[in-house]
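What follows is a short report on a single structure.
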Amino acid sequence: MTSQHDIDLQHLSRSIELADEAVVEGNHPFGSVLVSAKGEVLAEAKNSHSTDGGPGHAEANLARFAAKKFDIETLRGSTLYTSVEPCSMCAGTTYWAEIGAVVFGMTEHRLGEMTGDDPENPTQDLECRVIFASGRRDVQVRGPFVELEEQIAAQHRAYWRTA
């Protein structure tokens with residue numbers, strides 16, 4: 001039987017692949033996957049910040065899409081997988097979309113250390129757990145995953161000017 005940890009690693013690996021695809025398309029290296037309670041991939045999203053001219057973060061793109069497409073029961077049973085911990089905007093969007101769990105590979109704090117004052121990543125050092133804990137419904141959070149952190153960090157070092 002496959003463990004939850006192995007399932008998490010599988011979907012996180014896909015989010016890393018999507019982040020690579022985002023870069024090829026001219027965007028920042030972020031990707032996310034939404035998985036149902038039954039383990040079915042419901043949707044995927046990539047960062048679209050540079051090509052849509054807005055704050056097109058992968059997690060927010062995915063959460064907005066999912067909120068329009070799926071019912072509350074499906075959303076509350078689903079898990080959003082993302083290569084890097086959701087920023088405050090993405091955590092808020094995920095919360096309001098009613099998604100039940102978030103799994104991330106590398107922390108937002110580590111990303112901030114890597115990107116420094118790069119104007120394209122003015123990230124806040126605010127854990128998504130703090131944002132979710134401020135709400136009135138539970139959002140489960142798992143991460144970071146040390147076995148993927150260096151792969152994700154290398155991906156970001158290759159992209160950001162200051163990393």
Side-chain angles (χ1 to χ4, degrees), residues 1-52 54-108 110-111 121 123-124 126-145 147-149 151-152 155-156 159:
M1 186 168 172
T2 307
S3 72
Q4 184 61 57
H5 188 80
D6 290 339
I7 292 168
D8 288 347
L9 289 174
Q10 172 192 346
H11 294 300
L12 285 171
S13 293
R14 177 62 184 147
S15 75
I16 295 167
E17 291 172 3
L18 289 165
D20 284 335
E21 291 176 19
V23 171
V24 170
E25 295 170 7
N27 293 292
H28 298 166
F30 299 95
S32 57
V33 179
L34 187 67
V35 178
S36 75
K38 295 178 183 176
E40 173 189 5
V41 174
L42 298 173
E44 298 180 335
K46 297 174 260 189
N47 184 284
S48 60
H49 177 273
S50 299
T51 56
D52 72 9
H57 294 193
E59 304 90 341
N61 289 343
L62 184 60
R64 282 191 300 271
F65 170 81
K68 293 174 187 175
K69 181 161 175 73
F70 302 108
D71 61 73
I72 296 294
E73 184 178 334
T74 299
L75 292 164
R76 287 184 179 169
S78 68
T79 301
L80 186 149
Y81 289 88
T82 185
S83 50
V84 177
E85 180 178 15
C87 71
S88 58
M89 176 185 72
C90 292
T93 306
T94 300
Y95 177 84
W96 286 108
E98 302 276 347
I99 294 169
V102 171
V103 178
F104 64 88
M106 186 176 80
T107 66
E108 180 80 355
R110 181 152 184 213
L111 177 64
N121 191 44
T123 190
Q124 299 169 320
L126 180 59
E127 292 182 27
C128 69
R129 284 177 172 90
V130 172
I131 295 166
F132 294 137
S134 299
R136 294 186 179 176
R137 71 172 182 84
D138 184 46
V139 177
Q140 298 175 21
V141 179
R142 296 188 296 278
F145 280 70
E147 48 280 70
L148 295 176
E149 278 190 279
Q151 179 184 359
I152 297 166
Q155 185 179 51
H156 286 272
Y159 182 83

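Since we're looking at a predicted model, the values are computed, not measured.
- In this structure, His156 and Pro29 have side chains that are in contact, with non-hydrogen atoms separated by less than 4.5 Å.
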Chi angles and distances behind the side-chain contact (heavy atoms from CB on, under 4.5 Å) call for Phe132, Gln140: CA-CA 8 Å; Phe132 294 137; Gln140 298 175 21; over 6 Å; no

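- Residues Pro144 and Glu85 have side chains not in contact (no heavy-atom distance under 4.5 Å, counting atoms from C-beta outward).
- A distance of 8.0 Å separates CG in Leu62 from OG1 in Thr94, rounded to the nearest 0.5 Å.
- Taken from CD1 in Ile16 to CZ in Arg14, the straight-line distance is 11.5 Å, to the nearest 0.5 Å.
- Side chains of Val35 and Glu40 form no contact here, defined as non-hydrogen atoms less than 4.5 Å apart.
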CA sep, side-chain torsions, deciding dist, call: Phe145, Ile152, side-chain contact (heavy atoms from CB on, under 4.5 Å): CA-CA 10 Å; Phe145 280 70; Ile152 297 166; over 6 Å; no

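- In terms of heavy atoms, Ala45 sits closest to Ala58 at CB-O, 3.5 Å.
- Looking only at side-chain heavy atoms (C-beta outward), Leu42 and Lys69 stay at 4.5 Å or farther from each other.
- With rounding to the nearest 0.5 angstrom, the CZ atom of Phe104 is 12.0 Å from the CG atom of Leu80.
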From CA spacing to verdict: side-chain contact (heavy atoms from CB on, under 4.5 Å), Leu9, Leu148: CA-CA 8 Å; Leu9 289 174; Leu148 295 176; 3.7 Å; yes

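- Taking all atoms of both residues into account, the shortest heavy-atom contact from Gly56 to Asn61 is O-ND2, 3.2 Å.
- Aromatic ring pairs are classed by plane angle as parallel below 30°, tilted from 30° to 60° and perpendicular above 60°; the pair His49 and His28 is parallel.
- Side-chain atoms of Arg110 do not come within 3.5 Å of backbone N or O of Val84 as any donor-acceptor pair.
- Glu44 places no side-chain N or O within donor-acceptor distance of the main-chain N or O of Leu18, the cut-off being under 3.5 Å.
- Here the side chains of Glu147 and His5 are in contact, with some heavy-atom distance below 4.5 Å.
- Closest of all the heavy-atom pairs between Gly31 and Ser15 is O-CB, 3.4 Å.
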Steps toward side-chain contact (heavy atoms from CB on, under 4.5 Å) verdict (Arg142, Thr79): CA-CA 10 Å; Arg142 296 188 296 278; Thr79 301; 4.2 Å; yes

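- A distance of 9.5 Å separates NE2 of His57 from CZ of Arg64, quoted to the nearest 0.5 Å.
- Taking both residues in full, the closest heavy atoms of Ala22 and Asn47 are given as CB-O, 3.9 Å, listed atom of the first, atom of the second, then distance.
- Considering only heavy atoms from C-beta on, Tyr81 comes within 4.5 Å of Asp8 through its side chain.
- The two residues Ser78 and Leu34 have their closest heavy-atom pair at OG-CD1, 3.4 Å.
- Residues Thr107 and Glu127 are not in side-chain contact: their nearest non-hydrogen atoms beyond the backbone lie 4.5 Å or more apart.
- Gln10 and Asp6 share no donor-acceptor pair across their side chains, judged by distance under 3.5 Å alone.
- For the atom pair Thr74 OG1 and Ile99 CD1, the distance stands at 11.5 Å (nearest 0.5 Å).
- To the nearest 0.5 Å, the span separating NE2 on His11 from OG1 on Thr82 amounts to 14.0 Å.
- Side-chain contact check for Ile131 versus Ser134: every heavy-atom pair is 4.5 Å or farther apart.
- The heavy-atom pair separating Ser83 from Phe30 by the smallest distance is OG-CA, 4.0 Å.
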